[in-house]
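One structure below.
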Amino acid sequence: MNDRQTGYVTEDGRQIGDVMLDLRDITLRFGGVEAIKNISFDIREGEIRAIIGPNGAGKSSMLNVISGFYVPQDGSVWFHGKKRAPLKPYQVARQGIARTFQNIALFEGMTVLDNIMTGRLNYTKSGMIAQAIWKGKAEREETENREKVERVIDFLEIQAIRKTPVGRLPYGLKKRVELARALAAEPKLLLLDEPMAGMNVEEKEDMSRFILDVNDEFGTTIALIEHDMGVVMDLSDRVVVMDYGKKIGDGTPDEVRNNQAVIDAYLGVAHDE
Amino acid sequence: MSAGPNAAGVKTLPDLLSRNAKMMSDKVAYREKEFGIWQTWTWADAQKEVEAFAKGLLTIGANSGDLIAVAGRNRPALYWAMIAVQKIGAIPVPLYQDAAAEEIAYALKNCDARFAVVGDQEQVDKIADVRDQLPNLKHVIYLDGRGLRKYDHSDLSSFADVQAAGEKAGNDAELVERQAALTYDSTCVMLYTSGTTSRPKGVVLSNRNVIETAKNSCAFDDLNANEEILAYLPMAWVGDFIFSMGQALWTGFCVNCPESAETMQADMREIGPTYFFAPPQVFERQLTQVMIRMEDAGKFKHRMFHRFMDVAKRVGPKLLDGEPVGFADKIAYTLGKYMVYAPLKDTLGLGRVRVGYTAGEAIGPELFQFYRSLGINLKQLYGQTEATVFITQQPNGEVRADTVGVASPEVELKISDSGEVFYRSPGVFVEYFKNPESTADTKDPEGWVATGDAGFIEEKSGHLRIIDRVKDVGKMSDGSMFAPKYVENKLKFFPDILEAVVFGAGRDRCCAFLNIDLTAVGNWAERNNIAYSSYQELSQNKQVLDIVAGHVAQVNASIAQDEMLSNCQVHRFLVLHKELDADDGEMTRTRKVRRGVIAEKFEDLVEALYGGANEIYTETEVTYEDGRKGKIAATLDIRDAELSPPVSAKVAAE
């Protein structure tokens with residue numbers, strides 16, 4: 001069903017575009033530990049791409065490679081057909097990549113609104129002094145940014161907590177605020193590190209809904225790491241499976257589900273027989 | 001009315017809108033908070049929106065006489081949709097936005113709706129679920145397109161698209177013709193009753209019903225174009241239709257729609273409504289929140305609050321009713337006003353309320369007095385969908401907790417021999433939709449309507465007092481009177497108790513099911529370091545049950561004072577393991593308990609109450625918000641309540 005050169009059409013009729021991010025032969029080492037061993041896969045425009053695997057498989061490291069936080073020892077990252085040189089995090093952000101974290105990384109003492117406003121940093125061009133005086137360009141910029149942020153707030157249905165300090169929010173809502181901050185940056189590629197970890201069923205359903213809506217509404221490409229297999233299989237168009245730093249499977253949820261190596265990694269293998 | 005509107009030539013609500021758009025074109029008519037900002041529309045803007053949508057309805061083929069369903073949270077566009085529907089000679093049928101798919105299906109099938117205007121994806125999905133049962137439903141129109149991009153749009157359009165299509169097609173002449181063909185007696189709206197006992201019935205109200213009622217009720221409280229109201233109660237409820245449509249169009253006052261249900265409290269504070277309506281539950285929730293926050297406040301604030309609230313309780317109601325008050329009290333109250341009452345009212349969003357109403361259920365005297373003592377002119381009214389709301393209401397200066405007031409303007413009252421309250425008024429409904437038998441049962445040929453409530457008119461004051469539903473007032477096995485609601489209300493007046501269901505008809509004694517209030521009891525648990533993980537766990541906590549037992553004993557003591565009802569004391573009770581919920585059919589959408597359903601569903605528990613067991617294991621099916629079903633199991637404690645000796649042969653002195 002999928003011609004890997006020119007994109008493909010998903011089961012629900014979405015057109016998936018060209019390769020946006022191509023990871024070629026990535027190897028990442030921490031001292032003697034090989035966290036990622038020679039892995040290649042791509043992420044296409046408009047796609048929801050999941051990275052799954054048991055604990056310690058190297059999923060978060062992979063995400064950190066994509067986001068430019070880790071620089072792999074071997075291999076290359078191609079973004080929109082160009083080889084990407086090692087980047088500073090802010091440079092990655094400027095390329096249109098935003099992320100959320102496994103352990104929520106928000107400013108606890110600031111309100112939800114202010115937290116999300118920080119996601120607009122890349123769109124703020126006026127200097128510090130202009131900001132302090134808050135006249136002319138700075139004021140216009142802030143109005144514009146606030147408008148964008150309000151749309152995100154509306155989108156994620158968090159109007160009621162707009163002025164609440166993040167520290168006072170329950171876990172599920174914090175996750176949503178983090179997603180809001182990432183969305184405020186209007187990313188082309190959104191990286192979600194376990195967006196549903198520690199959530200109850202209802203919260204997971206809400207979050208799944210939001211992820212699908214983001215993809216649908218803004219056409220954002222999404223790469224996500226998730227443990228909940230049910231969620232992954234429902235959400236994603238293609239899945240990469242990792243185990244001990246190696247890629248053991250790659251394909252549509254159905255293909256992956258029937259892949260013997262994947263089944264073995266998740267259910268274990270009987271070694272004696 | 002001085003600068004008031006003039007009824008000449010006005011036959012329908014769209015006529016009123018046209019008049020407003022002409023006479024007060026620049027006056028703010030609607031506000032909605034969206035993207036963090038209050039967006040505003042003047043009457044002239046509203047007229048434009050309504051006309052565009054009405055023309056759009058013509059282009060997609062809406063006929064006069066069609067029934068068009070409207071479902072969603074309160075938003076200006078949905079109010080405009082209703083006026084547009086009326087404008088083309090069709091009839092709007094607002095539905096409860098939180099109704100389950102099958103309830104929606106029932107209503108849509110019953111009224112044979114050809115079109116539906118809905119708020120968002122949730123409603124579209126609900127209708128899609130039951131679409132195969134609705135062959136006549138031609139087109140669904142939505143406001144918020146989020147998540148709907150991928151849906152098949154062959155019979156689905158956005159509100160804006162329909163408006164644009166209407167503007168493009170023109171149809172001006174036909175629109176004028178359709179509106180001109182309407183009369184004072186043509187149907188204005190059809191509303192489904194909440195149906196405490198049976199399937200909901202469609203109540204047909206004419207323009208006469210709505211406009212006459214709006215006129216009379218506005219005159220009663222001197223409402224004018226400067227009022228601000230918050231539209232947050234379900235649009236399918238007759239009250240919202242009268243306040244946000246009838247009265248708003250009649251006087252030209254401003255309807256404000258909150259951003260979402262969760263932000264209602266904050267939005268209300270920003271708007272500061274001058275005319276406010278809420279069922280007792282809303283006031284109760286507010287009071288509970290205030291009390292919780294005061295418990296958590298510092299010692300100084302805590303003491304100041306209670307000191308001044310004592311003053312307010314003594315002096316406030318008297319001041320509101322214009323009774324004489326001592327000089328020292330006056331000074332204390334004024335001081336309290338600056339220190340406590342005004343800031344508190346502002347926090348609650350009630351700082352500017354000139355007229356406030358509560359209805360739907362009896363309100364606890366303490367709760368009622370709390371708001372009145374702050375200087376909020378909170379009053380009670382008694383009404384029904386069939387009466388276009390108003391039957392009785394309390395005039396300024398004659399407000400009491402235990403009555404529902406005098407007959408509203410142009411309403412006649414009579415009490416039948418069996419004690420049932422009957423009324424006749426210009427607001428009396430035309431008929432039940434497609435249900436002549438029920439219409440005949442409820443409304444006699446002379447226009448008297450049976451309320452189904454038992455009550456009496458106090459001789460001294462002329463105020464109506466409601467005892468209970470006629471069918472609920474029963475006899476116990478020894479022949480003494482059984483009025484469950486009277487007892488339940490007394491129980492519910494405790495903040496810890498959210499709901500109560502009392503059994504006893506045909507039995508030798510009364511027993512009760514209770515629901516604790518998770519907010520109030522949860523806060524108590526937190527302060528006392530009691531860990532709990534769910535409602536179920538907290539509800540069976542020994543200490544919680546002790547507290548509840550105390551409340552029941554107090555209620556028994558109070559019931560014992562009443563000579564007629566002293567047999568209604570609660571002998572045994574249990575706290576249910578789940579909250580009674582409309583989704584499970586245990587309550588109506590307006591949160592009235594369905595006694596019959598509950599008795600049947602929890603039959604094992606009722607038997608255990610009367611059987612004398614100390615605990616019982618039970619399993620209950622529950623329905624989640626999205627319609628899935630699950631099961632919860634629990635072992636419930638059953639407690640004996642402390643009884644009070646009845647006060648013999650002493651008539652209550654009040």
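Keep in mind it's a predicted model, so treat the numbers as computed, not measured.
Within a 6.0 Å sphere centred on CZ of B:Arg131, heavy atoms belonging to other residues, nucleotides or ligands number more than 12.
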Salt bridge (Lys or Arg N to Asp or Glu O under 4.0 Å) evaluation trace for A:Glu217 with B:Arg146: CA-CA 7 Å; A:Glu217 202 78 357; B:Arg146 186 161 137 217; over 6 Å; no

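Within residues 142-151 of chain A, the residues having any heavy atom under 4.5 Å from a heavy atom of chain B are, by residue number, A:Glu150, A:Arg151. Contacts of residues 155-193 of chain A with chain B at a heavy-atom distance below 4.5 Å involve A:Phe155, A:Glu157, A:Gln159, A:Ala160, A:Arg162, listed in sequence order. Among the residues in residues 196-216 of chain A, those with a non-hydrogen atom closer than 4.5 angstrom to a non-hydrogen atom of chain B are A:Glu205, A:Arg209, A:Phe210, A:Asp213, A:Asp216.
The ring-ring contact (aromatic ring centres under 6.0 Å, His included) check on B:Trp524 picks up nothing, with sequence neighbours excluded.
Using a 4.5 Å cut-off between heavy atoms, B:Gln265 does not touch chain A at all.
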